[in-house]
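Note sheet for the following structure.
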Amino acid sequence: MQAIPRSALWLGLAGLIPFFWGALTLLRPELGLWGAATFGPRFIGPYVQLFYGAVILSFMSGVLWGFATKARGRAATAGYILSVIPALWAFFMTGGGPTGAAVNLIAGFLGLLLLDWHFWQMGLAPKWWMHLRGLLTALVVLSFLPLVL
């Protein structure tokens, strides 16, 4: 198994900042007040987590689409179809209240992990892919816990 490239690991971890910032501003109301005054209310608590979560699921659809371009024939067609699921999930499943949207995003990220595994098993993703995706998915799910518990 190849090690995760350092740049991919660091950028992946940096991409978690909005998730954990949102969780932290939920757990520490004074930080949420400061964040709302400094950055605006859209960039704290569930607002930043839910919006950013939908953006990341959509981004990951593009990543999966890229993997599908490596396949041929029916495998490519199936890959293209599967690759749009995370974006559609984010679009249709993040309405309603923040708790329900967070639960749906958790389900979306866990489903994305299964899609990642599928593309990885087909040899379309890098050998190190599941190490990175497993780590990032676990941390994203962890960041949503203050919102759903």
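This structure is a prediction, so every number in the text was calculated from the model and none was measured.
Of the possible donor and acceptor atoms, one in the side chain of N104 sits under 3.5 Å from a partner among the backbone N and O of M93. Put simply, the side chain of Y52 never gets that close to the backbone of F43: no donor and acceptor are under 3.5 Å apart. A donor-acceptor contact shorter than 3.5 Å links the side chain of T25 to the backbone of G45. Looking only at distances, a side-chain donor or acceptor of Q49 sits under 3.5 Å from a matching main-chain atom of S143. Listed for the S61 side chain is a donor-acceptor partner under 3.5 Å among the backbone atoms of S83.
The environment of F39 atom CZ is dense: over 12 non-hydrogen atoms of other residues, nucleotides or ligands sit within 6.0 angstrom.
Separation of atoms CZ (F119) and CE (M130) is listed at 12.0 Å; rounding is to 0.5 Å.
Considering all non-hydrogen atoms of both residues, L139 and F20 come closest at O-CZ, 3.2 Å. Considering every non-hydrogen atom in both P146 and A23, the closest pair reads CG-CB, 4.0 Å. Between V48 and P18 the shortest heavy-atom distance is CG1-O, 3.7 Å. Closest heavy-atom contact between V148 and A102: CG1-CB, 3.6 Å. Nearest heavy atoms, W89 versus A107: CZ2-CB, 4.0 Å. Residues R72 and T69 share a closest heavy-atom pair of NH1-O, 3.4 Å.
V140 and L27 fall into different hydrophobic clusters, where Ile, Leu, Val, Met, Phe, Trp and Tyr side chains are chained together by heavy-atom contacts under 4.5 Å. I106 and L149 fall within the same hydrophobic cluster, defined by Ile, Leu, Val, Met, Phe, Trp and Tyr side-chain heavy atoms under 4.5 Å apart, directly or through other members. If you chain together hydrophobic residues whose side chains sit under 4.5 Å apart, L147 and Y47 never meet in one group. Tracing side-chain contacts under 4.5 Å through hydrophobic residues (I, L, V, M, F, W, Y), one never reaches W21 starting from F144; they form parts of separate clusters. Clustering ILVMFWY residues whenever any of their side-chain heavy atoms sit less than 4.5 angstrom apart, transitively, puts L115 in the very cluster that holds W128.
Looking at R6 and L9, their side chains never come closer than 4.5 Å, going by heavy atoms from C-beta outward. Proximity of L112 to T137: side-chain heavy atoms (C-beta onward) are nowhere separated by under 4.5 Å. Using a 4.5 Å cut-off on side-chain heavy atoms (C-beta onward), L26 and I44 make no contact.
Within the structure, ring pair (Phe, Tyr, Trp, His ring centres under 6.0 Å) pairs that include any residue of residues 59-87 comprise W65-Y80, F67-W129 (at least two apart or interchain).
Evaluation of the side chain to side chain donor-acceptor pair (under 3.5 Å) rule for T38 yields W34 as partners, not counting sequence neighbours.
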